[in-house]
Amino acid sequence: MKKITYLLCFAIGTYMATAQTPGVSIFSSFQNEYIEYIPGNLPIIISVPHGGVLLSGETIGGVFYDDNDANLPDRTCGAIERDVNTDILARRIQDEIFAQTGGYAHIIINNLHRSKMDPNLMVSPGSCANSHAASYWSDFHNFINDASQSVEADWGKGLYIDLQGKSNVIPRIEIGYNISSSELNSSDLNVSTIIDKSTIKSLVMNNLNNLSHEELVRGTNSLGQLFKDAPGTFYNSIDPSGSETGYQGCGVNSGYRAVPSNSSFGTDNCDDTMPHGNAYYDGDSYNNRRHGSGDGTGGPMSIGGGGNIDGVMTVVNDRVRDLGAPYDAMPNTLEPFAIDFANIILDYIDIHYNNFSEFTYTETSYDITDTDPTPAITGISDGVFSSTPAGLMIDPNTGIIDVSASAVGNYTITYSVGPNDFYTSSRSIDITDDSLSVNDQESVSMKLYPNPTNGMIHIASSIQLKEVKIYNLVGQHIMTKRIENNMSSINMSEFSTGSYLMTFYSDNQSLGSKLIVKN
């Protein structure tokens, strides 16, 4: 008995240790591989409900798959067609994300065939009320819960994608936010009732560019438009007969058609800003509504996700899931599409979520006699600080600068977070030593004109300057210009409208800063 207890404890301990390892699969039980979770360490979660091929009671690869009690019966309720190759697609997407970042997206795959269990429905229809199927249904969603909790704890926010496949007539990516076709066709997406049920509600309330719901769903930086702007060109060659060339006659030559997006190419069938009368999967499915950030209203299920993990359902057409010979007669489109899909997700996170490594110091310049400055970290903690060039004494864990031990000069400080230090932000800091200067700074005369300026700004100083540095008002270094004179001009025509600080230097000493307004 003691031996059995010991082995059980050992197995549980091994399971828990494995669960902490990004990129290493864990399963719903030790007897089968029906429900698979590949833990990650990035703010990205992808689930695959309908790509599985396993059937209970089968021997595959020399392994007998059984639920240790009774074989799972075929479902007699709901659809049973699987989404071919979506499981392979998710794994390839994860591979590319790792190649780009050194980190892993969280991946949850139902390896059971849809004829046995459908986790994209509520538990009763998804399992046809079979208790064994229901237990695997729970495992699937509990793994997504685990991934969501991990993302919330590590990143504070993130994106959940429910990856499915369909073969609608128009071969495009259909992106669902729990917004109906009629609402996309006619409604103002910024009304509160639509925002509340949207599965990206959290993003609407907190996105880096303060975009509206309408802009997030079908603006220039929407997920759909990022698909359209991707480099993929497979639509021009996928069909040897030519019937699908140019997006079925819409004259588009690059990217992936996606609805909703910011792109329209003419007629209703070529307008990707809305579905019109065409078939469209709107994301009111159980998975998206349960694990996205909306309140759960507006569909057949009552459960809502809430929280800071946004959800989208991406329904990808058959023509991006072909494996090529010897598997089918079409060219291999899955591999290039997976690469594009992964990079689209990373771009989407970067545009809308990525303030993960943000930090600030109260000043852009410190004298060696000043109090050691501590940065305010507005991103996530537990990152690493570094600086270039050598000479700045900075604590890599806290970012505190030991100014008295640092050499005079200009430094770039970088704060890095995430796997492989993938997310980074940088700030420019000057260290000065007023005691090295014989100049009386109060006697220095400095003129800038015109200020405000539309482009050129002229500098006239009573002493010779060495260089000028320009910062924005959050301390980011924008430009450095060597002068070696007491008069110069700087072209600011390419600068964005706003206010900037121009700092002047002579012999490694800061002579102070002046505010410049660019019209």
If you look at every heavy atom in [X] and [Y], which pair is closest and at what distance?
{"X": "Phe227", "Y": "Ala258", "answer": "CB-CB, 3.9 Å"}
{"X": "Ser285", "Y": "Gln164", "answer": "OG-NE2, 4.2 Å"}
{"X": "Met456", "Y": "Ser489", "answer": "CE-CB, 3.6 Å"}
{"X": "Gly176", "Y": "Tyr280", "answer": "CA-OH, 3.8 Å"}
{"X": "Lys157", "Y": "Val151", "answer": "O-CG1, 3.4 Å"}
{"X": "Asn190", "Y": "Ser212", "answer": "OD1-CB, 3.4 Å"}

Pair Asp284-Ser180, side-chain contact (heavy atoms from CB on, under 4.5 Å): steps then yes or no: CA-CA 8 Å; Asp284 73 341; Ser180 69; over 6 Å; no

I'd like to know if the side chain of [X] pairs up with that of [Y] as donor and acceptor (distance under 3.5 Å, no hydrogens or angles considered).
{"X": "Thr362", "Y": "Tyr366", "answer": "yes"}
{"X": "Ser493", "Y": "Asn491", "answer": "yes"}
{"X": "Asn486", "Y": "Ser461", "answer": "no"}
{"X": "Ser428", "Y": "Asn410", "answer": "yes"}
{"X": "Tyr37", "Y": "Asp146", "answer": "no"}

With no hydrogens and no angle check, is any side-chain donor or acceptor of [X] less than 3.5 Å from a backbone partner on [Y]?
{"X": "Thr364", "Y": "Ile429", "result": "no"}
{"X": "Ser406", "Y": "Asp402", "result": "yes"}
{"X": "Ser293", "Y": "Lys201", "result": "yes"}
{"X": "Gln225", "Y": "Gly219", "result": "no"}
{"X": "Thr333", "Y": "Arg319", "result": "yes"}
{"X": "Glu214", "Y": "Asp188", "result": "no"}
{"X": "Asn288", "Y": "Val312", "result": "yes"}
{"X": "Asn355", "Y": "Glu358", "result": "no"}
{"X": "Ser357", "Y": "Thr424", "result": "yes"}
{"X": "Asp370", "Y": "Asp367", "result": "yes"}

Neighbour count >12 (heavy atoms, 6.0 Å) for atom NZ, Lys481: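 Yes, enclosed.
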
Flag if over 12 foreign heavy atoms under 6.0 Å of CG, Asn519: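 More than 12 within 6.0 Å, yes.
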
Between [atom1] of [X] and [atom2] of [Y], what distance do you get to the nearest 0.5 Å?
{"X": "Ile368", "Y": "Ile401", "atom1": "CD1", "atom2": "CD1", "answer": "14.0 Å"}
{"X": "Ser387", "Y": "Ile394", "atom1": "OG", "atom2": "CD1", "answer": "5.5 Å"}
{"X": "Ile144", "Y": "Ile46", "atom1": "CD1", "atom2": "CD1", "answer": "11.5 Å"}
{"X": "Ile459", "Y": "Met502", "atom1": "CD1", "atom2": "CE", "answer": "4.5 Å"}
{"X": "Ser181", "Y": "Tyr281", "atom1": "OG", "atom2": "OH", "answer": "11.0 Å"}
{"X": "Ile44", "Y": "Trp155", "atom1": "CD1", "atom2": "CH2", "answer": "9.0 Å"}

Using side-chain heavy atoms (C-beta onward) and a distance below 4.5 Å, is [X] in contact with [Y]?
{"X": "His291", "Y": "Ile309", "result": "no"}
{"X": "Thr199", "Y": "Asp310", "result": "no"}
{"X": "His352", "Y": "Asn221", "result": "yes"}
{"X": "Glu494", "Y": "Met479", "result": "no"}
{"X": "Asn178", "Y": "Ser198", "result": "no"}
{"X": "Leu203", "Y": "Tyr353", "result": "yes"}
{"X": "His106", "Y": "Ser150", "result": "yes"}
{"X": "Thr371", "Y": "Val403", "result": "no"}

Criterion side-chain contact (heavy atoms from CB on, under 4.5 Å) on Thr398 and Thr374, from CA distance to verdict: CA-CA 7 Å; Thr398 65; Thr374 300; 5.8 Å; no

Derivation of the side-chain contact (heavy atoms from CB on, under 4.5 Å) call for Phe341 and Val316: CA-CA 11 Å; Phe341 198 124; Val316 298; 4.2 Å; yes

Ile351 and Leu226: CA distance, side-chain angles, deciding distance, side-chain contact (heavy atoms from CB on, under 4.5 Å) verdict: CA-CA 11 Å; Ile351 293 168; Leu226 292 183; 4.2 Å; yes

Asp272 with Arg172: basic N within carboxylate O range, under 4.0 Å: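 Judged by the 4.0 Å cut-off on N to carboxylate O distance, Asp272 and Arg172 do form a salt bridge.
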
Glu484 and Lys466 ion-paired at < 4.0 Å: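 A salt bridge is present here (some side-chain N lies under 4.0 Å from a carboxylate O).
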
Side chain to side chain donor-acceptor pair (under 3.5 Å) between Asn343 and Glu96, intermediate numbers included: CA-CA 8 Å; Asn343 285 280; Glu96 177 63 17; 3.3 Å; yes

Mutual orientation of the aromatic rings belonging to His477 and Tyr471 [parallel < 30°, tilted 30-60°, perpendicular > 60°]: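 Rings of His477 and Tyr471: tilted, 30 to 60°.
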
